[in-house]
Amino acid sequence: MKYIKGFYMALGMFCGIPLPFHIWDEKLTSIMVASLPLIGLIIGSLWWVTGLILTAPALPIMMVSAILTVVPFLIAGFIHLDGFMDTSDALLSRRPLEDRLRILKDPRVGAFAVVMLVVLFLLQFSAMYSVVEGGRYLALLIIICVISRCFSALSIFLLRHSSISHYGSLLSQNTRKGHKFFVLLVGLVAVTLSYLYAGIIGLSVSVAVVLGFTLAMRTVYKTFEGISGDLLGYSMVIGELFGLIALALLQGLWVNI
């Protein structure tokens, strides 16, 4: 029962799908974090199914691509996109640590956040357009969401939390080896399935997500001396963008061979 409650808590916190009621138990926060890959499975599956539905009636590719660009952020309740914008503002300010942390907590939207949001959607849309146009391996969208959240959960469990992280110690309390093992297991299964489904393309997309998340997390971890919810959201968005771009490029390469 506690695992179901922990998963339900994760669904309420990390997903924008409306729920009939909300529950909260501080003793189950580690289970909630370990459930992040399952939230990725739900979001990725809905992303994939939406793609199948929209491509079936042969709608204009540009319209389908625009909708699919927004869908994962919409299902997630824009929570990670908010973190991406806040982090972009603070990261690109190039100010001392104290000022960067202050900007990160500031609810106002700065110029850097707007610029980076435009860049993100341009890249996301162009990659999504290429994926829809190629029409292959659309199910890898599920893998992209699962792997990014596996690394997000592991970051919460293993890395030092920033001084401005309100929930850092709370989310990582009562963490057991089983929680970490579960996240690792889900990640390994996701990578294996990506290879079985799409061969070297699937494996490359998985590696691209890991690479994107790792590079982003390494940058923000050093810059802000720890992790927080916003920094995790930033790293997840970058990781998933890397995966989507890899899928677009490799799919195009496959078509031209």
Side-chain angles (χ1 to χ4, degrees), residues 15-17 37 39-78 80-81 84-85 88 114-151 187 190-216 233-257:
C15 191
I17 298 175
I39 302 302
L41 178 63
I42 293 173
I43 293 174
S45 297
L46 291 174
W47 194 9
W48 171 59
V49 170
T50 304
L52 292 179
I53 293 173
L54 293 178
T55 53
L59 294 173
I61 294 179
M62 187 169 291
M63 180 185 296
V64 173
S65 303
I67 295 173
L68 290 179
T69 297
V70 178
V71 161
F73 301 118
L74 178 63
I75 299 173
F78 297 101
H80 308 305
L81 194 59
F84 172 82
M85 295 176 68
S88 296
V114 176
V115 170
M116 289 305 296
L117 184 66
V118 172
V119 172
L120 171 67
F121 274 106
L122 282 175
L123 292 174
Q124 188 105 349
F125 172 78
S126 60
M128 198 73 249
Y129 185 96
S130 298
V131 170
V132 173
E133 186 178 37
R136 292 180 61 86
Y137 306 128
L138 199 63
L140 285 176
L141 297 177
I142 304 174
I143 302 297
I144 289 173
C145 291
V146 170
I147 293 178
S148 68
R149 283 160 179 80
C150 283
F151 273 77
V191 172
T192 302
L193 290 176
S194 71
Y195 178 74
L196 294 175
Y197 170 65
I200 192 65
I201 291 180
L203 186 60
S204 299
V205 169
S206 298
V207 170
V209 178
V210 174
L211 179 62
F213 185 96
T214 303
L215 289 175
Y234 175 86
S235 301
M236 284 177 56
V237 169
I238 296 295
E240 291 177 4
L241 177 63
F242 267 55
L244 194 59
I245 290 175
L247 177 56
L249 293 175
L250 292 170
Q251 189 175 250
L253 222 72
W254 184 90
V255 171
N256 292 326
I257 294 177

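If you read the sequence from its start, that first residue is 1, and numbering goes on from there. Please read these numbers as outputs of a predicted model, since none were measured by experiment.
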Side chains of [X] and [Y], heavy atoms from C-beta outward: is any pair under 4.5 Å?
{"X": "Y197", "Y": "I143", "value": "no"}
{"X": "I17", "Y": "I42", "value": "yes"}
{"X": "V237", "Y": "L120", "value": "yes"}

On the 0 to 90° scale, with breaks at 30° and 60°, tag the F84-Y234 ring pair as parallel, tilted or perpendicular. parallel
[X] and [Y]: which non-hydrogen atoms are nearest, and at how many Å?
{"X": "C145", "Y": "G40", "result": "CB-O, 3.3 Å"}
{"X": "A76", "Y": "R149", "result": "CB-NH2, 4.4 Å"}
{"X": "A190", "Y": "I147", "result": "CB-CG1, 4.0 Å"}
{"X": "L140", "Y": "A198", "result": "CD1-CB, 4.1 Å"}
{"X": "M128", "Y": "S65", "result": "CG-O, 3.7 Å"}
{"X": "I75", "Y": "C15", "result": "O-SG, 3.5 Å"}

Do F242 and L215 pass the side chain to side chain contact (heavy atoms under 4.5 Å, CB included) test, and can you show the C-alpha distance, the side-chain angles, and the key distance before you say yes or no? CA-CA 10 Å; F242 267 55; L215 289 175; 4.3 Å; yes
For the residue pair F73 and F121, is the inter-centroid distance of their aromatic rings smaller than 6.0 Å?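 Yes.
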Go through the steps for L247 and L138 under the test side chain to side chain contact (heavy atoms under 4.5 Å, CB included), then give the verdict. CA-CA 9 Å; L247 177 56; L138 199 63; 6.0 Å; no
How long is the straight-line distance from [atom2] of [Y] back to [atom1] of [X], given to the nearest 0.5 Å?
{"X": "L250", "Y": "I245", "atom1": "CG", "atom2": "CD1", "result": "11.5 Å"}
{"X": "L211", "Y": "I238", "atom1": "CG", "atom2": "CD1", "result": "11.5 Å"}
{"X": "L249", "Y": "L244", "atom1": "CG", "atom2": "CG", "result": "9.5 Å"}

Any donor-acceptor pair under 3.5 Å linking the side chain of Q251 with the backbone of R136? yes
Just jot down the side chain to side chain donor-acceptor pair (under 3.5 Å) partners of S148, sequence neighbours excluded, or say none.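 Counting only residues at least two positions away or on another chain, S148 forms a side chain to side chain donor-acceptor pair (under 3.5 Å) with E240.
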For residues 43-55, which side-chain N or O atoms pair as donor and acceptor with protein atoms under 3.5 Å away, sequence neighbours left out?
from, atom 1, to, atom 2, distance (Å)
S45, OG, L41, O, 2.6
W47, NE1, L68, O, 2.9
T50, OG1, L46, O, 2.6
T55, OG1, G51, O, 2.7
T55, OG1, L52, O, 3.3

Determine whether more than 12 heavy atoms belonging to other residues, nucleotides or ligands lie under 6.0 Å from atom CZ of F125. yes
